[in-house]
Participant: 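One structure coming up, written as structure tokens, with questions to follow.
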Amino acid sequence: MHEDFGTILNRGFKTWVRNLNICIPYVLNFFVNLILYVFFFAILGVLLFTSASGNVVDPATLSNEELYSVLVEGFMANIPASVAVILAFSLLGMFLQAFFTAGAVGMAKKASETGDTVISDMVRFGSKNAIRFFLANLLMTLILLAGIVFVVPGALTIGDLSGLIENPEATVQGMGTLTLGILAWGIYALVINIALSLTPYALVIDELDPLEAIKKGYRFFKENKLDVFFIWIIVVGLAFINGLVGELLSSENTLISGLTYLIPVLILQPLTTVLWTRLYLTMEGRELYNPYELLSDPDEF
């Protein structure tokens, strides 16, 4: 049974309030990636700040010029190892994010269909879909990077940049074309982001392969353009408001600054996951629970 847009928002919100534990995958992802980044910078720091003699250079004892020189020399001396570390940690971070996000979508699916979800749903859906989710993310990243073709004409026609470095106000041949190319790439990325918004949900909910999920996500967008666009606006609007509040008040209150970093993890991401999931399920004609039919009074949540 299809629901109208207002019903999706209303019942999706009630589903989220009833299942606040949907934030757990995002909280775990946040802390696991935080630990991962600590190890990443520690290993990269050892590579970049190890001198030719094998001694580790203390960056606190260096001036800005010396620090820059040590970083460049350290990277050039350890290019294969540095690239391998960056690539390994980037892929590991993407895989962990795929596991937890797939788990969150699975929890949202279970909550939308039955009214309740538990942490074991995260483990079940995450382990079942993590690899395919990870591969789908890689494919979508490649699709976004394909937009670099818009920048190529400007990059080929641009003049010598040395003059711009010496004089930022100098005119460089081809800069206008490059700027237009970057703008076109940004618009392309925005369109792709909206058009493929439902790809992760199609992959987890229907257990599709990455290519099938991308096709299904795009097909869903074509059939439900307005609903997808409106929820995308809500998602971006909530993130913008949170960022704006953080910018305006974080300098005056450290507590508010910390909250603006936690709100996306604790509230915005799980709420929008439930809304996207309910939109996908209802437009696909799936049976969903009605909060008003539950024994608990929905107004108390």
Side-chain angles (χ1 to χ4, degrees), residues 33 37 40-41 44-45 47-48 63-94 97-98 134-200 210-211 213-215 217-218 221-222 225 228-244 246-248 264:
N33 275 279
Y37 282 124
F40 167 71
F41 285 113
L44 198 61
L47 287 174
L48 297 182
S63 64
N64 290 336
E65 293 78 9
E66 291 173 330
L67 180 61
Y68 176 77
S69 177
V70 168
L71 285 173
V72 173
E73 291 177 3
F75 182 78
M76 295 302 293
N78 299 279
I79 289 180
S82 298
V83 171
V85 168
I86 294 172
L87 185 61
F89 275 89
S90 297
L91 293 177
L92 180 58
M94 287 182 64
Q97 183 181 31
F134 170 74
L135 294 175
N137 280 343
L138 285 180
L139 286 175
M140 288 191 289
T141 301
L142 292 176
I143 292 173
L144 290 174
L145 290 176
I148 200 172
V149 297
F150 295 111
V151 181
V152 172
L156 293 176
T157 59
I158 199 167
D160 186 6
L161 289 177
S162 59
L164 182 64
I165 296 174
E166 297 174 0
N167 181 15
E169 296 181 359
T171 302
V172 178
Q173 179 184 357
M175 185 59 73
T177 306
L178 180 62
T179 302
L180 290 175
I182 295 174
L183 179 61
W185 191 4
I187 295 173
Y188 166 80
L190 182 64
V191 171
I192 293 298
N193 182 269
I194 298 174
L196 299 182
S197 295
L198 273 298
T199 294
L211 281 175
I214 291 174
K215 293 177 182 177
Y218 178 66
F221 166 74
K222 289 198 301 181
K225 293 184 181 69
V228 172
F229 181 70
F230 286 150
I231 289 191
W232 185 86
I233 287 293
I234 291 172
V235 172
V236 173
L238 290 174
F240 176 78
I241 292 172
N242 180 68
L244 183 62
E247 286 292 328
L248 295 177

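Only a predicted model underlies this, so the values are computations on that prediction, with no experimental measurement involved.
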Participant: When you compare the side chain of L138 with that of L142, does any pair of heavy atoms fall below 4.5 Å?
Facilitator: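 A side-chain contact under 4.5 Å is absent here.
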Participant: Per the side chain to side chain contact (heavy atoms under 4.5 Å, CB included) rule, which among I148, T141, I143 passes with L145?
Facilitator: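 Single pass found, and it is T141.
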Participant: Is the number of heavy atoms from other residues, nucleotides or ligands within 6.0 Å of CZ (F40) greater than 12?
Facilitator: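 For F40, atom CZ is crowded (more than 12 foreign heavy atoms under 6.0 Å).
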Participant: If every non-hydrogen atom of L135 is compared with every non-hydrogen atom of P210, which pair is closest and at what distance?
Facilitator: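 Taking every non-hydrogen atom into account, CB-CG, 3.8 Å.
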Participant: Show the nearest heavy-atom pair for residues A146 and Y188, with the distance to one decimal.
Facilitator: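 In this case the closest contact between A146 and Y188 is CB-OH, 4.0 Å.
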Participant: Rounded to the nearest 0.5 Å, how far does CG of L92 lie from CZ of F89?
Facilitator: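 Interatomic distance, F89 CZ to L92 CG, rounded to 0.5 Å: 7.0 Å.
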Participant: Work out which heavy atom in P264 is nearest to a heavy atom in N242; give both atom names and the distance.
Facilitator: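 Taking every non-hydrogen atom into account, CG-ND2, 3.6 Å.
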Participant: Among I214, N137, L139, whose side chain to side chain contact (heavy atoms under 4.5 Å, CB included) with T199 holds?
Facilitator: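 For T199, the side chain to side chain contact (heavy atoms under 4.5 Å, CB included) test succeeds with only one of I214, N137, L139, which is I214.
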Participant: Check whether any side-chain heavy atom of F150 sits under 4.5 Å from a side-chain heavy atom of L183, and report yes or no.
Facilitator: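 They are not in contact (no side-chain heavy atoms under 4.5 Å apart), so the answer is no.
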Participant: For V228 and F221, which heavy atoms make the closest approach, and how far apart are they?
Facilitator: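 Looks like CG1-CD1, 3.8 Å.
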Participant: Would you find a donor on one side and an acceptor on the other, under 3.5 Å apart, between the side chain of W185 and the backbone of V149?
Facilitator: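 Answer holds: no.
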Participant: So if I apply the side chain to side chain contact (heavy atoms under 4.5 Å, CB included) rule between W232 and each of V235, V236, I234, which one comes out positive?
Facilitator: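 Per the side chain to side chain contact (heavy atoms under 4.5 Å, CB included) rule, the option paired with W232 is V236, out of V235, V236, I234.
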